[in-house]
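Computed from a prediction, not measured in an experiment: that's the story for all the values here. Proteins get letters first, then strands, A, B, ... in listed order; numbering begins at 1 in each.
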2 protein chains.
Amino acid sequence: MPTVRDVAERAGVSIATVSFVLNGSKPVTPATRQRVEAAVAELGYHRNELARALASRKTRILALAHPTAEHRFGSSTTDFITSAARAARARGYHLVLWPIDTDGQEIHDLLGQGLVDGVVLMEVKLDDPRVDALAASGTPYALIGRTRDPAGLVHVDIDFDRSVADALDHLQDLGHREIAFVTAERPGYGPKVRSEAAYRRLCAERGLEPLLLECAPTAPAGQGLMPRLVERVTAVMLMNEYAAFGVLTGLARAGLGVPDDLSVLSFTSPDMGALADPPLTTSHSPGAELGSLGVHALIDQLEGIEPSAPRLVPCTLVPGQSTARRP
Amino acid sequence: MPTVRDVAERAGVSIATVSFVLNGSKPVTPATRQRVEAAVAELGYHRNELARALASRKTRILALAHPTAEHRFGSSTTDFITSAARAARARGYHLVLWPIDTDGQEIHDLLGQGLVDGVVLMEVKLDDPRVDALAASGTPYALIGRTRDPAGLVHVDIDFDRSVADALDHLQDLGHREIAFVTAERPGYGPKVRSEAAYRRLCAERGLEPLLLECAPTAPAGQGLMPRLVERVTAVMLMNEYAAFGVLTGLARAGLGVPDDLSVLSFTSPDMGALADPPLTTSHSPGAELGSLGVHALIDQLEGIEPSAPRLVPCTLVPGQSTARRP
DNA sequence: GTGAAAGCGCTAACAT
DNA sequence: ATGTTAGCGCTTTCAC
């Protein structure tokens, strides 16, 4: 592996000049720049990121801290992670994975290693001790999700208000007025709390009678909703990836069908929705976009670019065949 | 952040001795060891992994190279990744994510940065240029999956022979003799090729008539199989995550049911299988185990531990209600 | 068993 | 505009 020294020698300049050219950190004559670039190309030189990190006190490595148990983005977790890693690389950073299970100590030890410049924290809870640990460490960080009071914290999240409003719009446009909302049983879970709040507020604003239900956060779920649900509403929005199949099954067993007897809108990936019969109308979380935005927000902060206002991104509605005009 | 110097000073020893204690790289008197350890604890010292990496010429960072498009492990990709990261950390390594789309150059540039000691390559194809790029680079690597001729390459993969045999056993035990096998349309895709070969061989050995079918590698899929499938077999194994729902739907539309008219065994996660009605008998890929094994195989290689023979891990059969005794 | 000193390959003052 | 030089925080000979 060639080093700056080899490049400098070959180009007939000092190692400082090589560094200036590589980093654009100081003005350099076009002529010498070219000689350096030629030497770099001829030698197939790549700078050693480790040495650079040590000398510059910037590792250009970010950590993606995520609990191993929960899967907030469900089917879009992979998209999120991949997109975060791509965004990092696009700006010259690397992303390391930190599966974090415990709260304070683990993250503290990891940070102590001095390997990363900042942390992207996934699956942020309303009251999250990891956020406190990060804040105490002084390491820059960006949150995916929000704590109870996220004011002043760098974060990106789903825009639950918009997402629920869009879903309601879709159903109301089809003539529905009795629209239930089903979440997963997860007390204190941010997305549940925020989407329920949005639903309640929107119902009030629009003069709709709210019907909030819950079911299990894992499959199978939703089948038990059935007697109650179809008696009281003509449409349902499911903020629970697993519930849709249960609802369809429960309905079928009662001799009823979608969308004739009930319109179903599920917050899940279109891929998942396509598995159902009929293919579901879905609203999918912006996993990839959040991954990218979160990383950019963190890097902006690291590089002293603008304060980077929190971004809230709505889910995207993809019409399927499980929603139809009210009978 | 305290450094070795601070520790050395406080313990009244040289920085070399501190290093010896921290790494166990040289014998040290119990007494001085204790003094050093005390100083470490008092100062809350963590060694700087970056500096250690530069000086020792071992970064203790591994890359997980994965294509962004394909999703071999489907629903278990997240498990795989998480488990790989955990295994790495358990042995004192970090795992960086490298979403790789192009073939040679990208991986070459990344390796040139000198950030990683080795690479775990996911989604290995039968003929994979990335493997050649890695081999040419001289960087140690481990493959998840196998090339056409994996002899001599460090790799871990699903044991398709065992997995298909176990599935056949399950169905044959239930009295089935006509058992179809459905894969996803993906020419040259390792898992498809190897599982099909296993199916053919096993059918021959057991005197069964093979029926191989394909359908789309994305949802919706499988509905089109229906007239043909149920006329010719009493059971089907689906090596296609998306097909199961289509098969169920197709069957229902024909007024038929599972498992009465057809037994269905799907190679997917039990979570996914639980969504179906009836809950599917599934065989799930050992995503987490492969992630961990792959990382260990790579680290063993890096640390000069035994040659680490290739490990093939079978899928795990989880009986559901979609398979039953042949009518 | 312990210490002194020479780097690892780079960046970033500070000179010139 | 370019060069000299002093580190970044650690590991690792080589002496003692």
Item to complete: Using the side-chain hydrogen bond (donor to acceptor under 3.5 Å, both in side chains) rule, take A:R91 and A:H296 through it: C-alpha gap first, then chi angles, then the decisive distance, then the call.
Response: CA-CA 8 Å; A:R91 293 188 66 173; A:H296 283 300; 3.1 Å; yes
Item to complete: Determine, step by step, whether A:Q113 and A:D109 satisfy the side-chain hydrogen bond (donor to acceptor under 3.5 Å, both in side chains) criterion, reporting the C-alpha distance in whole Å, the side-chain angles of both residues, the deciding distance to 0.1 Å, and the verdict.
Response: CA-CA 7 Å; A:Q113 299 182 176; A:D109 289 346; over 6 Å; no
Item to complete: Quick one: do B:T147 and B:D128 satisfy side-chain hydrogen bond (donor to acceptor under 3.5 Å, both in side chains)? Show the steps, please.
Response: CA-CA 7 Å; B:T147 53; B:D128 203 317; over 6 Å; no
Worksheet item: Passes side-chain hydrogen bond (donor to acceptor under 3.5 Å, both in side chains), A:S83 versus A:D79? Steps please.
Response: CA-CA 6 Å; A:S83 148; A:D79 288 345; over 6 Å; no
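The closest side-chain donor-acceptor pair between A:S76 and A:S285 falls under 3.5 angstrom.
With salt bridges taken as basic N to acidic carboxylate O contacts below 4.0 Å, one links A:E106 and B:R89. Electrostatic pairing of A:D157 and A:R311 does not count as a salt bridge here, judged by no charged N lying under 4.0 Å from a carboxylate O. A salt bridge links A:R47 with A:E49: at least one charged nitrogen is closer than 4.0 Å to a carboxylate oxygen.
Boundaries of the chain B contact region on DNA chain D are D:dG9 to D:dC14, first to last in 5' to 3' order (nucleotide atom under 4.0 Å from a heavy atom).
In summary, of the residues considered (A:V116, A:T82, A:L64), a side-chain contact (heavy atoms from CB on, under 4.5 Å) with A:L95 occurs for A:L64 alone.
Rounded to whole Å, atom C1' of C:dG9 lies 6 Å from atom CG of A:N48. Rounded to whole Å, atom C1' of C:dC8 lies 11 Å from atom CZ of A:R5.
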Discussion item. Walk along nucleotides 11-16 of chain C from 5' to 3' and tag each nucleotide B, S or - by protein heavy-atom contact under 4.0 Å, base first, then sugar-phosphate.
Written reply: BBBB--
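Residue B:T17 places at least one side-chain N or O under 4.0 Å from the OP1 or OP2 atom of C:dG3.
You'll find the side chain of A:R148 reaches within 4.5 Å of the side chain of A:D127, heavy atoms only.
Sorted by residue number, the list of members of residues 34-42 of chain A with any non-hydrogen atom under 4.0 Å from DNA chain C is empty.
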